[in-house]
Engineer: 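What follows is a single structure, and I will ask about it in a moment.
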Amino acid sequence: MVRHFLKDDDITPKEQAAILELASEVKASPYKFRPFEGPQTVALIFDKTSTRTRVSFTVGVADLGGNPMVIDTGVSQMGGKESVADTARVLERQVAAIVWRTYAQAGLDEMAANSSVPVINSLSDDYHPCQILADLLTIKEHKGALAGLSIAYVGDAANNMANSYLIGCAMAGMHVRIGAPAAYAPAAHIVRRAEEIAAETGGSVTVYGNPEEAVVGADVVTTDTWISMGQEAEKQQRIDAFAGYTIGSALMAHAKKDAIFLHCLPAYRGYEVSAEVIDGPQSVIWDEAENRLHAQKALMIWLAKHAH
Ligand code: CP
Ligand code: NVA
């Protein structure tokens, strides 16, 4: 049976750990693994803009012996013109995997339901699971292990990154601490799912209504833009709602002394994070951005192995 990666818990905690192990191996030997030898083609579909995802998947597929084919939906028949199901049926005959950045999660579900090749979510409105694999790899590199560490996510906790942190970090046995205004707290079903996972892995989930409490004693502090792609019309309303949620030096001081700072990028200095913090000594954002490449290569190798 083909395996897809549409959300963080489409793999088990054990499988997540195995993929992260493999990512370190891939990072050490970038050209050793050739699952797409042929070269086979991997479709990289973008409904939204991207720098890191476009670059890391293009480089990653090439490194794995394959041919990356970027499809911008604006210049394809996808969208209003042709259904997702029909697109999947065309693609599965010719490509080894489909990587898709899109809006609604339902589109990914439809693509996967009609595809005999792995479908990977490279960001939807609901999840950004590839980013979380890269973040976990980065934390592991800097802290040695994941289980038992606490990660504080401050800001828009109702977005794709927050959802993926909640589920993906709970899978790794981490303590996930959210600090968000009530109107941007995570959805109840996401918190429930993360708690369910944490109960099995030894992690935990706590949601606070302010940034300080979330950050106290954290090993990792992270945030994301207050205005995700597709929410541009709500810009001013969101900037007002997140007043006091900027991660600056004073807030970072509540975390452990050796805490690291993560941000999936792109970042908006002066809004969700100060320049002092994101460009400061605790920030490991460039390692994190590079690790997109290694984590996604490991994911593709793993999925290719499980696709028969
Ligand atoms: N973090 C991330 O997914 O970046 P891009 O939007 O540039 O791909
Ligand atoms: N939450 C952000 C992440 C960007 C990588 C967005 O969806 O725009």
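Computation of the quantities below employed the complete heavy-atom set of this structure, encompassing side-chain atoms and omitting hydrogens, waters and symmetry-equivalent molecules. Each ligand, and each atom within it, is numbered from 1 in the order the structure gives.
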Engineer: Establish, for the pair Lys297 and Phe33, whether the NZ or CZ atom is under 6.0 angstrom from the six-membered ring centre and no further than 45 degrees off its axis.
Structural biologist: no

Engineer: Got a sec: does the CD of Glu234 have more than 12 other heavy atoms crowding it under 6.0 Å?
Structural biologist: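 Counting other residues, nucleotides and ligands, CD of Glu234 exceeds 12 neighbours.
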
Engineer: Give a yes or no on whether a salt bridge exists between Glu25 and Lys32, defined as a side-chain N under 4.0 angstrom from a carboxylate O.
Structural biologist: yes

Engineer: Would you say Asp156 and Asn159 make side-chain contact, with heavy atoms under 4.5 Å?
Structural biologist: yes

Engineer: Give me the nearest non-hydrogen protein atom to atom 7 (O) of ligand 2 as residue plus atom name, then the distance to 0.1 Å.
Structural biologist: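 Going atom by atom, the protein heavy atom closest to atom 7 (O) of ligand 2 ends up being Asn160 ND2, 2.8 Å.
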
Engineer: What residue and heavy atom of the protein are closest to atom 4 (C) of ligand 2, and at what distance?
Structural biologist: Leu123 CD1, 3.8 Å

Engineer: N/O of Cys264 under 3.5 Å from N/O of ligand 1, yes or no?
Structural biologist: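 For ligand 1, there is an N or O atom that lies under 3.5 Å from one belonging to Cys264.
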
Engineer: Between Asp224 and ligand 2, is there a nitrogen or oxygen pair with a distance under 3.5 Å?
Structural biologist: yes

Engineer: Under 4.0 Å from a heavy atom of Asn159: give me the atoms of ligand 2 that qualify, with their elements.
Structural biologist: 1 (N)

Engineer: Determine, for Phe46 and Arg54, whether the Lys NZ or Arg CZ falls below 6.0 Å from the six-membered ring centre while staying within 45 degrees of the axis.
Structural biologist: yes

Engineer: Considering the heavy atoms of Thr51, write down every atom of ligand 1 situated less than 4.0 Å from one of them.
Structural biologist: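 Those atoms are 5 (P), 7 (O), 8 (O).
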
Engineer: Can you check whether Phe242 and Tyr184 have ring centres sitting under 6.0 Å from each other?
Structural biologist: yes

Engineer: Before signing off on this row, confirm whether Met229 and ligand 2 have an N or O atom pair separated by under 3.5 Å.
Structural biologist: yes

Engineer: Considering Ser228, Gly155, Cys264 one by one, which has a heavy atom nearer to atom 2 (C) of ligand 2 than any of the others?
Structural biologist: Ser228

Engineer: What I want to know is whether Leu265 and ligand 1 share at least one N or O pair that is separated by under 3.5 angstrom.
Structural biologist: yes

Engineer: Quick one: does Arg54 get within less than 4.0 Å of ligand 1, heavy atoms only?
Structural biologist: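 Not so, Arg54 does not reach ligand 1.
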
Engineer: Run the numbers for me: atoms of ligand 2, each under 4.0 Å from some heavy atom of Leu265, listed by number.
Structural biologist: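 Listed by number with element: 5 (C).
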
Engineer: For Val61, is there any backbone N or O sitting under 3.5 Å from a side-chain donor or acceptor partner on Gln296?
Structural biologist: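 Between the backbone of Val61 and the side chain of Gln296 there is no qualifying donor-acceptor contact (under 3.5 Å).
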
Engineer: Please state which part of Lys48 comes within less than 4.0 Å of ligand 1, counting heavy atoms only: side chain, backbone, both or neither.
Structural biologist: neither

